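Model, not experiment: these values are computed from the prediction.
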Amino acid sequence: MNTPKIPKTQWHIRGYDSTTKIYERKVDVGRLTWRQAEALLRALAAKAGLTYDEIVGAYATRRTKIANDLLEVHWNGRSQTYTCGTNPHFIATIVKAPK
């Protein structure tokens, strides 16, 4: 009896400055949890385009004077995609691994 093979999946991570691709990497899904993928996108977005004060504000308590949402991660379940940042911004999508 043949058992069906489960397709391997990967995180396809991309970074853009406006529409120009500035980063791309694929990582097996088993190597990054969804929480790690979120944290990774925050780190990439912070490194690529935020000042130290903007990073502090991103971690500050909401609705305080210094708070901002510059490192908020958004999940689109339909396309299985996380996004973070404005410009530059980073995207992590779950895709089938090439054979």
Validation: residues 29-37 side-chain donor-acceptor distances under 3.5 Å, sequence neighbours left out:
from : atom 1 : to  : atom 2 : distance (Å)
T33  : OG1    : R35 : N      : 3.4
T33  : OG1    : Q36 : N      : 3.0
T33  : OG1    : Q36 : OE1    : 3.4
Q36  : OE1    : T33 : N      : 2.7

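Scanning all heavy atoms of the two residues, the minimum distance from W11 to D28 falls at CD1-O, 4.2 Å. What you find for A60 and A67 is that their closest heavy atoms are CB-CA, 4.1 Å.
Side-chain atoms of T51 come within 3.5 Å of backbone N or O of E54 as a donor-acceptor pair. Under the 3.5 Å distance criterion, the side-chain polar atoms of N76 are matched with a main-chain donor or acceptor of S79.
Distance check, rounded to the nearest 0.5 Å: OG1 of T9 to NZ of K96 gives 10.5 Å. Note that the CG atom of L50 and the CZ atom of R42 stand 12.5 Å from one another [nearest 0.5 Å]. Separation of atoms CD (Q10) and OG1 (T93) is listed at 12.0 Å; rounding is to 0.5 Å.
Each of L44 and L71 belongs to its own hydrophobic cluster when Ile, Leu, Val, Met, Phe, Trp and Tyr are linked at side-chain heavy-atom distances under 4.5 angstrom. Clustering ILVMFWY residues whenever any of their side-chain heavy atoms sit less than 4.5 angstrom apart, transitively, puts L70 in a cluster other than the one holding L41. Residues I22 and L40 share a single hydrophobic cluster, defined by chaining ILVMFWY side chains whose heavy atoms lie under 4.5 Å apart.
Within the structure, salt bridge (charged side-chain N to carboxylate O under 4.0 Å, His left out) pairs that include any residue of residues 11-21 comprise K21-E24 (at least two apart or interchain).
No side-chain heavy atom of I13 sits less than 4.5 Å from a side-chain heavy atom of I91. With a 4.5 Å cut-off on side-chain heavy atoms, W75 and T81 do not count as touching. Using a 4.5 Å cut-off on side-chain heavy atoms (C-beta onward), E38 and C84 make no contact.
Not a single side-chain hydrogen bond (donor to acceptor under 3.5 Å, both in side chains) links T83 to another residue, sequence neighbours left out.
The aromatic rings of F90 and Y23 lie tilted to each other, with the angle between the two planes from 30° to 60°.
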